[in-house]
Amino acid sequence: MLTARGWWLLITIGSIAFLGVVGLGWWSATIPIIGLTLLAWMAYLWIDFGSRVRAAQGSIVVKRRFVQAGREVPAVWAGLPFQVKVTITLDSPLSLPAVLATDRNSIEVLQRREPPKYLHDSVPLSAGEPIELVSTIRFQGAGSIRFEGVQLRVSDLGGLFYWRVFLREPFELHVLPPLTDDEGQRQGTKRINVLPPPGLHRLKRPGGGSELLDLRDYLPGDPPKMIAWKSSARRDRLITKEFESDVPVRCVLFLDSSNPTRLGEPGQTALAKMASIASGIAQAASATRDLVGLTVFDKSQFDSLLPARTRPHLIRMMRLLAKAAGQIPESIVNDPDQAARHALPIAKELYPDLLVKPVNSRPFGLFWVPLSDSRWLWLVLFMLVWPSLVMKREVAELVATVAKGISPSGLAWLGFLGLMFIPPAFALLFWFIYGIRGIFSPRSDNTSRRKQLAALFAFQDGSGPAGLERLLNDDGYFVKRVAQFLQRHRVILPVDMFDSNGQAIYHEPEKVEVLCRAMTLSIGRAKGNELYVILIDLLDYASEIDKLLTAIRVARARHHDVLVLVHWPDDVSLEPKPLAKRHLKRLDLGKAVRRGMAASYRAEFKRLRHQIVKAGGQALPLTAEDAVARVLDRLDRLRGAKVR
Amino acid sequence: MKEPPEYNPRKTPAYLNTTVMAGAALVVIFLIMAMRGGPVAGALAPLIGLLGIVFHWSIAVPMFLLVLSYLLLFPFGIPGITLGFAEVTGRYFEVTDIALAAAVVVYVMSHLRLTSLARQAMPTDIERQRNQPMALLSPRAVEAEHWQRLLIVTGCVVLVGQLGWLLLTNLRVDLLSVPPLKFAGADYSLRGGFGFPISPPFGRCLMLLCGVTVIILITRFGFWYWSLVKLTPDQGQMILLDTQWRDLRREVNRREKWRAWARPGGRYVRPKVKRRRSFWGSPRMFIYIPMAMLMIFALTVFYINTYAR
């Protein structure tokens, strides 16, 4: 509670008071009087501050509101600024002298902005005067922002005493994908006469539509109004008209949310971009009363929304997109000590009250390194039981011979005793040294960190002391739990893209299999001609899409269309640019590598497209500008119009 | 849109008022010290205080107090030249002492506030926030405190200081009596209980230490109890979990050991990195070489005793 400034002052005042009272008072009574006066003043400050802080514990209420476009909202739209208003109220008769309140959210952690040099918001907090924090945020892409709560740093006016508390009020704010632009805001009325009404599409199968499909011979039971009288007269037999079907088209979007798509600044990831495009498609399709469904998949699971056309369904879809776009890459740390080193500062910041020693103890026994975990145990046991072995006659004779050999004459008994009892003494010494190593750094630091985190996780999971002990002993379980903790609090660790063998860490071919499962399920539920739009990062997987090709073939066999939109890096052009002559003269290694990589991307995409087209689908690079238009064109073609 | 002017704490009324207060306290200190030892020696401590205010030195307060104590001991600034000996018994509630103590308290208080207003109000105690901006005290916080309260607190602590000194010099420690304190009265004796002498300085020291300890213990106990009353549900649950774990640790630990034995990947095995450190630089050297020497020695002794005789 006492700051460094406070300690220095206390030491000075204490020294003056002590020396004044003990000896200097003989010469000047003013010295001890000043020392005692200042000591009394510091005691007053301590009692005053301590009382205020304790009175405030549990009496501070935090309320958070989000305001966009002048009204309070539960979720916000991307691209538009919104305000976060936090009101901190104290319900205690004693006020807090100087409070610095910080609303902690995941953007501040992730965005490395230049901070201001000083903050001058350290204001008093009293019962009648709440503190209101207002901040304006503008989030460009879809995603979600996690608000953890409010950190209060309290000090007295002189900065001698200090107290920090974190008021946990976790809230996940969804930033919905931006509303569609002109391209997406299509009219919900029929514009061209050749088109069927909005929401209906022509299916060239006999049905109840208005467009003529075919003529056939009359069959008994055909309604008379369907008879084509002119054709019947011409052919001298009854001919019946068949009309096309008018069916709704279901557009099912598949969004890849695997780890590689989550890399990057929040709101600027490949996933956020794909989510924005998916949102544009969904909104435009909804505007024309088409049914839209969404499936978000990653390497292990998928989450689906069945096609529908209602407004609540659209909002649900936006939320699912926002939730998907807000995901951060899973942290891949295998070393438990390293994982704890990353997680503990976050835990200390968010759960300071649960990590202090009175509630989260570190007993001495925790730091003792047990010998039973080591193979040295057998040697130590052998040395300990050695004296009992000597009781055996043959061994005793052998030991006596050796003792006689190594001891001076007449002192063979001493050598015998030494040979009997030195090994057990050495074993005990070894056991002590082996165990005591745990109290020294860095082992003690690692143990302490791990215990604190293990207790916190066991508390959160409700797994009790057994769970706590498992977290202390099972490295794999602990590392997984730390990754989960960091994921929940949206902490991105420094990402290594490649492992020590040069293999990409975030290479996840399993996602193709999950996608195929989701597609197969959709195909099984499909009714008419459907459009499957797959937004996926597939450039590195050209040789691993056999199952996807099979799924596309199945979809085509059921008269559905498949459009694969392959994520394309922003900084790579689709067409190669010829090198200028001046560049050819000198070799720039960086540029050469970039050109080489771009060429490999193009080659991969060409290969992908070839495979997908061969299977009956279509593949397009996802270059944000015209992706929505291309998908809508495709939908229009399904509706019967040749071009939009 | 016109940008708001940059925040300058020195232009706020709170800063100016506090500066005036600190300045007034330094003037009082200067006058009293000048009365005791002349203007040159008297100006030294206020000068340090003034520089501390101007440059917001945190170290200025301890320096000021130490220099002031030195000048109170040697008013002329020359070591060894004092005003006299044994004035200890005769100085209670002297006007100059009261004024000086009050001025020192006001100066220290004002200096710390000015530092908080213009330099740093609270520490950056979180690892992640080391590079975060410094927090300054808002002028509102200083303005919110009533001047009456400030004056009353100053008056009270000055009174406590005087009373403390009065008690310390008029009480003597007698370890055989209950309570072990007696008024010294006229027959101020140097002899304490148990037959060993307790000199007045030692007695005062004992009384001061005991007094401070008692106050600290009582206050800590009060705060501890208050914290227990205010314990949050989360903290209570955590204490229960921790206590349970301490009680059951050996049993559950054994189970985890068995689980780890059953699972080959239970414990993370760090990838072994080939160290370039030679044998001579490694800790193994301190084990292997003495062991080797011991063995050579034992063999030599064995050889000599057996064959070389």
Side-chain angles (χ1 to χ4, degrees), chain A residues 3 5 8-9 12 16 21-34 36-37 40-41 44 47 50 54 57-58 97-98 100 115-120 122-124 153 155 157-159 162 336 345 349 353-354 359-361 363 405-406 455 459 465-466 468-470 473-476, chain B residues 7 58 62 65 69 72-73 82 85-86 88 91 97 101 104-105 112-113 116 121-123 126-128 132-138 140-141 144 157-158 160-161 164-165 201 204-205 208 219 223 226 230 232 235 238-239 241-242 244-245 248 252-253 256 260 266-268 298 301-302 305-306:
Chain A
T3 61
R5 195 187 293 176
W8 277 110
L9 193 63
T12 312
I16 290 170
V21 166
V22 173
L24 301 182
W26 287 113
W27 288 276
S28 170
T30 320
I31 297 174
I33 286 173
I34 287 178
L36 289 171
T37 306
W41 174 66
Y44 159 75
I47 294 169
R54 276 161 187 85
Q57 271 176 2
L100 182 69
K117 197 175 173 189
Y118 290 116
L119 289 173
H120 48 91
S122 176
V123 292
R153 295 163 65 194
S155 76
L157 298 183
Y162 176 71
E349 191 181 345
D353 52 331
L354 302 183
V359 298
N360 193 341
S361 65
I406 62 169
F459 162 75
L468 199 162
E469 194 60 33
R470 188 177 174 198
N473 286 282
D474 189 340
D475 288 351
Chain B
Y7 174 72
S58 296
L65 290 174
S69 303
L72 285 170
L73 190 63
T82 62
F85 184 71
V88 60
R91 287 184 71 94
D97 285 351
V104 169
V105 171
L112 292 171
R113 284 181 186 193
S116 294
M122 48 186 77
I126 303 171
E127 213 171 304
R128 203 178 58 75
Q132 294 292 306
M134 292 283 191
L136 297 184
L137 193 66
S138 166
R140 263 177 63 200
V157 294
V158 168
V160 169
W165 183 239
R204 288 203 297 268
C205 173
L208 178 69
T219 315
F223 282 163
W226 201 346
K230 289 273 188 175
T232 61
Q235 283 178 317
M238 194 68 164
I239 289 172
L241 171 70
D242 201 60
Q244 271 183 324
W245 172 73
L248 301 173
V252 287
N253 182 272
E256 287 308 319
R267 185 159 283 277
Y268 171 70
V301 171
F302 180 75
N305 281 352
T306 315

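So that the names make sense, note that chain A is the first sequence line, chain B the second, and so on, each numbered from 1.
Of the listed residues (A/Arg470, A/Arg54, A/Gln57), the greatest number of heavy-atom pairs within a distance under 4.5 Å of chain B belongs to A/Arg54. Looking only at heavy-atom pairs under 4.5 Å with chain B, the residue among A/Tyr44, A/Trp8, A/Phe459 that has the most is A/Phe459. Most heavy-atom pairs under 4.5 Å with chain A, from the set B/Thr232, B/Val301, B/Thr219: that is B/Thr219. Of the listed residues (A/Leu9, A/Ile33, A/Ile34), the greatest number of heavy-atom pairs within a distance under 4.5 Å of chain B belongs to A/Ile33.
The main-chain N or O of A/Leu157 is found under 3.5 Å from a side-chain atom of B/Ser116 such that the two form a donor-acceptor pair.
Residues B/Leu208 and A/Leu36 form a side-chain contact, since some pair of their non-hydrogen atoms from C-beta on lies under 4.5 Å apart. Within the 4.5 Å cutoff, no side-chain heavy atoms of A/Val359 are placed close to those of B/Asp242.
With a 4.5 angstrom heavy-atom cutoff, A/Ser361 touches chain B via backbone and side-chain atoms both. Contacts between A/Ser155 and chain B at a heavy-atom distance below 4.5 Å involve backbone atoms as well as side-chain atoms. Both the backbone and the side chain of B/Leu65 come within contact range of chain A, with heavy atoms under 4.5 Å apart. Of the two parts of B/Val160, only the side chain, counted from C-beta on, holds a non-hydrogen atom closer than 4.5 Å to a non-hydrogen atom of chain A.
More than 12 heavy atoms of other residues, nucleotides or ligands lie within 6.0 Å of CH2 in B/Trp226, so this atom counts as buried by the packing criterion.
Here the shortest heavy-atom pairing between A/Leu100 and B/Ala135 reads CD2-CB, 3.4 Å. Residue B/Pro123 comes nearest to A/Arg153 through the heavy atom pair O-NH2, 2.6 Å, listed as atom of the first residue, atom of the second, then distance. Nearest heavy atom pair, residue B/Arg204 against residue A/Val21, reads NE-O, 2.8 Å. The nearest pair of heavy atoms linking A/Ala98 to B/Leu137 is CB-CD1, 3.3 Å. Scanning all heavy atoms of the two residues, the minimum distance from B/Pro62 to A/Thr12 falls at CB-OG1, 3.4 Å. Contact record, A/Trp41 with B/Val157: CA-CG1, 3.6 Å, taken as the closest heavy-atom pair.
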Trace of the side chain to side chain contact (heavy atoms under 4.5 Å, CB included) decision for A/Thr37 with B/Val104:
CA-CA 9 Å; A/Thr37 306; B/Val104 169; over 6 Å; no
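Residues forming a ring pair (Phe, Tyr, Trp, His ring centres under 6.0 Å) with B/Phe223 (at least two apart in sequence, or on another chain): A/Trp46. For B/Arg113, the salt bridge (charged side-chain N to carboxylate O under 4.0 Å, His left out) partners are B/Glu145, not counting sequence neighbours.
To the nearest 0.5 angstrom, B/Glu256 atom CD is 6.5 Å from A/Asp474 atom CG.
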